[in-house]
Amino acid sequence: MEQSSSVCPAVGLELPGRQKESKDMKQDGETQAVEGTSDEALTDEQVMAGEAQDRRNIWEPSFYYSLGKESFHFAGHDISIRESMDTFGALIWPGAIALCEFLENNQQQMNLMDKAVIEIGAGTGLLSIVASLLGAWVTATDLPDVLSNLTFNIRQNTRGRSRYAPQVAALSWGQDLDRDFPCPSFHYSYVLAADVVYHHQFLDELLDTMRHFCRPGSGTTILWANKIRFQSDLRFTEGFRSSFNTVLLTELPQQGVRIYKATAKE
Ligand SMILES: C[S@@+](CC[C@H](N)C(=O)[O-])C[C@H]1O[C@@H](n2cnc3c(N)ncnc32)[C@H](O)[C@@H]1O
């Protein structure tokens, strides 16, 4: 594989803005060190300095929960996630942790290496970070107002560590999908979704978004982890099961989390 290629090996298509990270990326005939080649996470100061410009005009958490950080260890790396009480998308939810554990423990069954992966409702980015550290070519998406914190967490935890630099993009469920993520140019092997089903108004749009990325003939697999809380969660699950071929991969009774795998009905 070409070190500087932006062609996703899983789909054979040029994906905008995607760059493979390499410790020895060659440019203009010379071997140049690229930013963040250390296995250490960047310090807050490094990340914040690099993003000062980006963050000048966009939302960032105003109130930090507890010490403001949660720590994890997945895929051989310490991961530090910045949280906030400002929005649902700035907290880590149990579905994300459960799916990270599942992916780490089932790498043969769900091999993400060199696969194109999109996460919808990525929130703090923990799941996208773990998918990236497991070798996937990740696009993390969410509503525009949480992208700043999502980008911060992803950069801090993947720079210099991941095979491919993850991308962050706005994606509001059901909106402008044919314009912003047209098929087949935007084809993903996996769609990841964690705790995207709870008490909100966009459950139909969420299912439409899953259908958009997981079409007959696409070979796409959805991995959806959710804590089941409300009756509406069960109604969504019924719609999900009738839209796709589904398998309940695991159920974690203590956390109340179920993890489903789904493929398109041909
Ligand atoms: C409960 S949080 C889960 C966050 C993360 N996946 C996790 O498990 O930690 C739900 C996420 O869905 C996002 N979300 C809610 N409504 C959305 C919509 N209409 N379009 C896109 N994302 C949405 C929120 O911003 C939030 O990040």
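One-based numbering, in listed order, for ligands and for the atoms of each.
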- Message: Can you list every protein residue that has a heavy atom under 4.0 Å from any atom of ligand 1, sorted by chain and residue number?
- Response: F88, G89, L91, I92, W93, A96, E119, G121, A122, G123, D142, L143, L171, S172, W173, A194, D195, Y198, F202

- Is it true that a side-chain atom of H77 and a backbone atom of I79 form a donor plus acceptor pair closer than 3.5 Å?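 It does not hold such a pair.
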
- Item | N/O donor-acceptor pair under 3.5 Å between T220 side chain and Y190 backbone |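 Not confirmed, T220 side chain does not pair with Y190 backbone.
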
- Query: Do you see a donor-acceptor pair shorter than 3.5 Å between the side chains of T124 and R82?
  - Reply: no

- Message: Using the salt bridge (Lys or Arg N to Asp or Glu O under 4.0 Å) criterion, which residues pair with D195? Sequence neighbours excluded.
- Response: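 So D195 forms a salt bridge (Lys or Arg N to Asp or Glu O under 4.0 Å) with R229.
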
- Message: Going by the rule ring-ring contact (aromatic ring centres under 6.0 Å, His included), which residues pair with F244 if we only count those two or more places apart in sequence or in a different chain?
- Response: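 F240.
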
- Task: Could you tell me which residues satisfy side chain to side chain contact (heavy atoms under 4.5 Å, CB included) with Q201, sequence neighbours excluded, listed by chain and number?
- Result: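 Once residues adjacent in sequence are excluded, Q201 has no partner under the side chain to side chain contact (heavy atoms under 4.5 Å, CB included) criterion.
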
